[in-house]
Structure formats: C-alpha cells, structure tokens
Amino acid sequence: MSLVGDAGYCPGPAVGGSTSLAVVGAYVLAGELALAGGDHERAFPAYEAEIGDYVRRSRAFALSAAKRLVPRSRLDLWGLAQAVRLLAVLPTTVTRAASKIGAGGARLHDSIRPKDYPALLWSASGQHALGAELGGDLG
C-alpha cells in the first residue's frame with residue numbers, strides 16, 4: 001500500500017501544492033510500479049528515490065509559509081491585517097512585485113522533472129505494458 005497526495009505528503013494547510021504533489025506522486029508511483037513489473041518491493045524504494053527530495057522541499061516550504069501566514073500573536077495578526085490593507089491600495093505594479101517576494105514555492109512545483117515513463121511503458125505491439133500486467137488493455 002502506498003499513499004499519495006495529502007495523505008502521503010501532507011505539505012500543510014493554505015500553502016498550495018497539494019494537487020501538484022498528488023498528480024506527480026501518482027504518476028511516479030505508477031511509472032515505478034510498471035518499471036518493476038508490478039513488484040512493489042522494488043518499486044517503492046525507486047519511487048522514494050525519485051520523489052523524496054521534491055516532497056521534503058515542499059514540506060519545508062509549507063512550514064516556512066505557515067509561519068508567515070498564521071499569526072501567533074495579536075501583534076502578528078494586526079501586522080498581517082495592515083499589510084493586506086496596504087496591498088489593497090497600492091498600484092498594481094507594486095503589488096505584483098511584492099507578490100514575487102518569496103514566490104519560491106510556486107517555482108518549487110515546476111522544478112521536478114520525473115522520468116518519461118510513457119515512453120518506457122508501451123510495448124512494441126502498441127499495448128500498454130501495465131495493462132498487459134493487469135490482464136487488460138489500458139488504451
């Protein structure tokens with residue numbers, strides 16, 4: 001059994017990336033299972049090696065974002081409210097520039113480049129290799 005998405009990686013609330021993690025995780029898991037011929041004892045370590053760093057970086061970003069987004073005191077709450085009010089009245093060019101500060105999390109989800117599993121999974125006969133493993137044709 002393997003968990004993907006929030007159940008497997010739980011990056012944290014209100015920081016984004018859960019869907020990216022879920023889709024990439026499911027893709028990599030399916031690819032590694034196919035490459036291992038369905039042998040989960042071989043596939044799971046390969047899956048961890050392929051996606052582990054991405055998941056760890058996403059969790060680290062989530063922790064730092066939560067520290068910025070979740071006020072821990074009345075003063076923090078006041079400061080956050082004032083910043084939001086200020087951003088609402090600033091010119092668009094300034095708010096765009098401000099939004100790019102600390103936008104590493106958005107780029108984080110563009111940084112992973114998983115293997116090209118589809119090229120590895122199709123047999124010469126045109127049948128999907130995983131479909132053949134499962135006794136059917138996946139398309």
Side-chain angles (χ1 to χ4, degrees):
M1 176 190 291
S2 180
L3 300 173
V4 297
D6 285 352
Y9 321 124
C10 192
V15 294
S18 297
T19 302
S20 296
L21 282 166
V23 171
V24 171
Y27 173 81
V28 172
L29 179 59
E32 293 301 334
L33 280 166
L35 288 176
D39 180 357
H40 69 279
E41 290 183 10
R42 283 186 20 228
F44 287 174
Y47 164 72
E48 168 63 27
E50 190 70 24
I51 199 168
D53 181 59
Y54 171 51
V55 171
R56 284 185 288 279
R57 288 184 296 125
S58 183
R59 284 182 179 165
F61 171 75
L63 287 174
S64 69
K67 288 178 184 175
R68 289 189 305 266
L69 294 174
V70 179
R72 289 180 275 175
S73 69
R74 286 180 180 255
L75 181 60
D76 289 347
L77 180 59
W78 180 85
L80 183 61
Q82 298 311 310
V84 170
R85 284 188 185 117
L86 179 62
L87 286 174
V89 297
L90 289 174
T92 304
T93 54
V94 175
T95 57
R96 281 190 190 137
S99 70
K100 290 181 182 178
I101 297 171
R107 289 187 298 273
L108 166 74
H109 299 293
D110 292 334
S111 69
I112 185 163
R113 299 285 181 244
K115 294 176 191 172
D116 188 14
Y117 295 109
L120 300 171
L121 298 178
W122 294 97
S123 69
S125 68
Q127 183 177 16
H128 197 278
L130 185 57
E133 278 289 315
L134 298 175
D137 185 6
L138 295 179

Chemist: Show the nearest heavy-atom pair for residues Tyr27 and Lys115, with the distance to one decimal.
Modeler: OH-O, 3.1 Å

Chemist: Working to the nearest 0.5 angstrom, can you tell me the gap between Leu21 CG and Ile51 CD1?
Modeler: 6.5 Å

Chemist: Clusters formed by hydrophobic residues whose side-chain heavy atoms approach within less than 4.5 Å: which one holds Leu77, and what are its other members?
Modeler: none

Chemist: Does a salt bridge link Arg42 with Glu48, judged by any charged N lying under 4.0 Å from a carboxylate O?
Modeler: no

Chemist: How about Val24 and Val28: do any of their side-chain heavy atoms sit closer than 4.5 Å?
Modeler: yes

Chemist: For the residue pair Pro45 and His40, what are the closest heavy atoms and their distance?
Modeler: CD-O, 4.2 Å

Chemist: When rounded to the nearest 0.5 angstrom, what distance separates CZ in Arg59 from CZ in Arg56?
Modeler: 9.0 Å

Chemist: First locate atom CG of Leu33, then atom OH of Tyr47, and finally report the distance between them rounded to the nearest 0.5 Å.
Modeler: 9.5 Å

Chemist: Mind running side-chain contact (heavy atoms from CB on, under 4.5 Å) on Ser58 and Val55 for me, showing each step along the way?
Modeler: CA-CA 5 Å; Ser58 183; Val55 171; 5.6 Å; no

